[in-house]
Q: 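Mind having a look at this structure? Questions to follow.
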Amino acid sequence: MYQDSVLEGGKTVKRARTAKLKNHSVSNVAGYLFISPWLAGFLFLTLWPMAQSLYYTFTDFSLLSAPKWIGLQNFQEIAQDRFFYNSLKVTFTYVLTSVPAKLGFALLVAMLLNQKLKGIELYRTIIYLPSLIGGSIAVAVLWKNIFGISGFINHIVPLFGIPAKNWIGTPGTALGTLVTLSVWQFGSAMIIFLAGLKQIPSDLYEAAAVDGAGKFRKFVSVTLPMLSPVIFFNLIMGVISSFQSFTAAFVITNGGPLNSTEMYALYLYEKAFATLHMGYASALAWILLVIVAIATMINFMASKYWVFYENEAGGRG
Amino acid sequence: MWWGSQARHDATLKILDLYTKKNPNVTFETQYSGYDGYLDKLSTQAAAKNAPDIMQIDAPWLADWNARGQFADLSAGINTKDIDPNLLETGKYNGKLTAIPLGNNAWGMIYDKAALEKLGVPPIKDGWTWDEYFKLVEDIQPKLGKGQYVIKDGTNDGTQYAAFQLSKGKGWPITQDGKFNYDRDTWLEWAKKFADLRKKGAVPPPDVQSADKDLDPTQDMLLTGKLLFKGLHAAQVSAFDALKPGSIGVATMPRAAQPGGWLKATFYFSVSQDSPYKEEAKKFIDWFINDPEVAEIAGTTRGVPISNKIVSLLQPKFNAGDKLTVEMINKTAVSSQTFNPGAPGWTDFGKDEKDIKDRLMFEKITPEQAYDELAKAAKKYEKK
Amino acid sequence: MKAISRNKWLTHFVLIAFSALMFYPVLWWIGASLKPNAELSLPSLFPSRFMWSNYSDGWVALPKYTFTYFYINSFKLNITTMLLTVISSSLVAFGFGRIQFAFKKVWFSLLLLTIMLPAQVTLIPQYAMFHKFNWVNTYLPFIVPSAMGGAFFIFLLVQFIRGIPGELDESAKMDGCSWFGVYWRIILPLTKPALITVMIFSFLWHWEDYLGPLIYLNSVSKFTVPLALRMFMDTQSAVQWGQLLAMSLVSIVPQVLLFFLAQRHFVEGISTTGLKG
């Protein structure tokens, strides 16, 4: 530390301050005590099942008889499995379209709902309702009644000269209806944004107003940077959960038509439980884990350029 | 452990109570639910060697579970003389009885009787043929409104095609011992027939019919009046009748030189190989399928009972829906094929099959290409 | 003055229109839940005759137990897991978000990694493990993990905690506050909106969880509401759709209530002026 400050001259003061701050926040005992609930859970409840599933990737395991070691055969078969490549393509398309759309929409609505307005609590609740339905069995019935052949959408589109069709049953549009569903269920991301917005100190806006900043300027120079840790969280979790997206495709389209909505997790589930190839499914799962981990790592590396943390501001220098 | 409807749960619980009353040394820990997720749970339990002693098993699972030796041998100790030997045969694996069928079932057709009457079409004759079936389509279709159809596009309906190929005397498309047996000419005849109907608009376009879901009152095309005929298992007929009272008619699968339909069992009871109470379990199953008192309580909650004696006992109590179920079974029984529960190790082929046939239906490939692809995909499974 | 009030009206208008769009499916659902089976296929929103019996019959439709029983089960389980999740997750998040310790990055990466592996493949070994612990057919497979903190919630809270100025706890520490004191007196009050978010999600998600209870609970006497709902579904019989829709509509009422009550505590961010150096 001392050498650093000598070498870098101008930055000496700030470096020194960081070092002081850091010293204060280092405590192995306290750190491990605080994370001990999770650590215990990880070591005693999560680690073993994860290790087991890693072991399964090298086996032929039908659930009904003991796993049999087959080395890398699962991976070799996956490399030639066209359903695997198809599900990858479907999933990537889904992630790349639904995540940005959902986050953008959620942020917009969160801003709209972050106002002091009469009845705002009621609006919030009503607007959150669709996300509640998401977990219910009724969602499949509902979606078919909106995008089905005699559904709601088909009463509207003919007005724009588009022929009525079963949007869920057409290969070109089925995935689109699932993306729409995911965007429609923006509630969770919206709530997290809302909580984030609530946490932005109001004095920052006041200061910006004093500087003569308009609405847009305030958004860019106060809201976005202050909200960036939360945006980052929503981005990471949005990517992870849409890579694992399963329920909607399972109950609404079951992967069809023409496998155009066969998400990776759906294919994995089919392999694991419908055709009883748990070894193969585990291999698929660990491949997905690697993909998602790489995507997350890229996000974390990129985050250095746009995510702003209050408590590390000093260290930026 | 079983799945089912509320009526079935009610009845089964009562029966179990009765059994405990008669055999105070036996108590039951019950697990029951809907069909959704049932197999997931059962597989999970089996993997942890925690499967229930007695489990209700669906026909498509038998091959795989048997192949892994999950089921105890039930050949001795259960009175099965009142069960149709052909049906009993479906519960056997390598000569050993491992699954006791619980209800009679058949693969046939239902139709919207009321709608046909309105169109002036006479009721379907017993023993009708595929030629009559397709002719009927061409005759009625012009009289129907927009968005209404006589039959569905059978291109990707594997069960229907199996009936077609069987009726031509060419056997099951995949034989029970795991051979690829699609007959090329029969397949092309079938696929081209539907390609022709599709072109004429006489069957629903693929996107429309993919939404059809049996017994879903908002999606089932027959219930919503968009479809007149549908292939169906007899056990489900009474449910259709409940949703569309009085207007459901039943028929056999159309035939050619041979019949198209077959008799099968609804589902089975099996005993876990890991169970410490195999003898007790057998005793219970024996009582369950043969005792008139059980029949009295159960009624048709597990379909038309498997024991012929019990059926005749219950006959006077059947409601309109049950009678339709029985009617389809009886019509099919006159002349039927032997059911094929599927070959072990071929479960994955279903996915290839569906993929290829869907592409054919969406007209991405020709019937000939579809055949070649089916044959090629099957190679993977034949070797094993 | 006038411009402001016009602006307000405009906001109200947008919000009402948007709410209506979001509410339409729920309206459809309410209508459908009052229909007899035969009318479900009709496009009309409401039935010709309201079948209130879908609710009363649905409530007692399952053998042996009524829905009252399943609701009590669900409440007992979900309130327990909710409280445990909030407590444990916030503790762990404080550790990760504020304290420097050896191998922190490794542990945090592992935490994220546990979210990335699809649950379908850990289900079997986890079941086998819980079976060995004799936890099957008890609520322990849900309660114990929630006492260990959910990875999702921990990450969420870490992000919020990192958004709080570090000078605050520095000065508190210098004033002789212990780590727990910092957690309790500074971080917890400042992350209130985030803690409420965790509460909401924990309750909502556990409430609607179906797969977990399906796998681990055997006795109907221990069933939760979503499991009981699935008992209406059976492919081989005529499902009582009206009753199913009615009961599933009722099942989201506690969620809506909790959400409504909890989000009222989303108060304006605490002004940190003056505390800041």
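Quick note on labels: first sequence line is chain A, next is B, and so on, each numbered from 1.
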Q: Looking at B/Lys200, I'd like to know if its NZ atom is crowded, meaning that more than 12 non-hydrogen atoms belonging to other residues, nucleotides or ligands lie closer than 6.0 Å.
A: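 Yes, the 6.0 Å shell around NZ holds more than 12 heavy atoms from other groups.
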Q: Can you say whether B/Asn156 sits under 4.5 Å from chain A via the side chain, the backbone, both, or neither, judging by heavy atoms?
A: neither
Q: Among B/Leu39, B/Asp355, B/Val208, which residue has the highest count of heavy-atom pairs closer than 4.5 Å to chain A?
A: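 Most heavy-atom pairs under 4.5 Å with chain A: B/Asp355.
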Q: Relative to chain A, which of B/Asp358, B/Asp40, B/Thr347 shows the most heavy atom pairs under 4.5 Å?
A: B/Asp40
Q: Who in residues 261-278 of chain A is close to chain B, using a strict under-4.5 Å heavy-atom cut-off?
A: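 Within residues 261-278 of chain A, near chain B: A/Glu262, A/Tyr267, A/Tyr269, A/Glu270, A/Lys271, A/Phe273, A/Thr275, A/Leu276, A/His277.
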Q: Select all residues of residues 168-182 of chain A having any heavy atom within less than 4.5 Å of some heavy atom of chain B, and report them by number, or 'none'.
A: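 If one takes a 4.5 Å heavy-atom cut-off, the residues of residues 168-182 of chain A near chain B are A/Gly169, A/Thr170, A/Pro171.
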Q: Which atoms of B/Trp61 are under 4.5 Å from chain A, going by heavy atoms: the side chain, the backbone, both sets, or neither?
A: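 Contact with chain A: none, neither part.
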Q: Supply the atom-to-atom distance A/Leu258 CG to B/Lys354 NZ, rounded to the nearest 0.5 angstrom.
A: 8.0 Å
Q: Please classify the contact of B/Lys351 with chain A as side chain, backbone, both or neither, using a heavy-atom distance under 4.5 Å.
A: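 Contact with chain A: backbone and side chain both.
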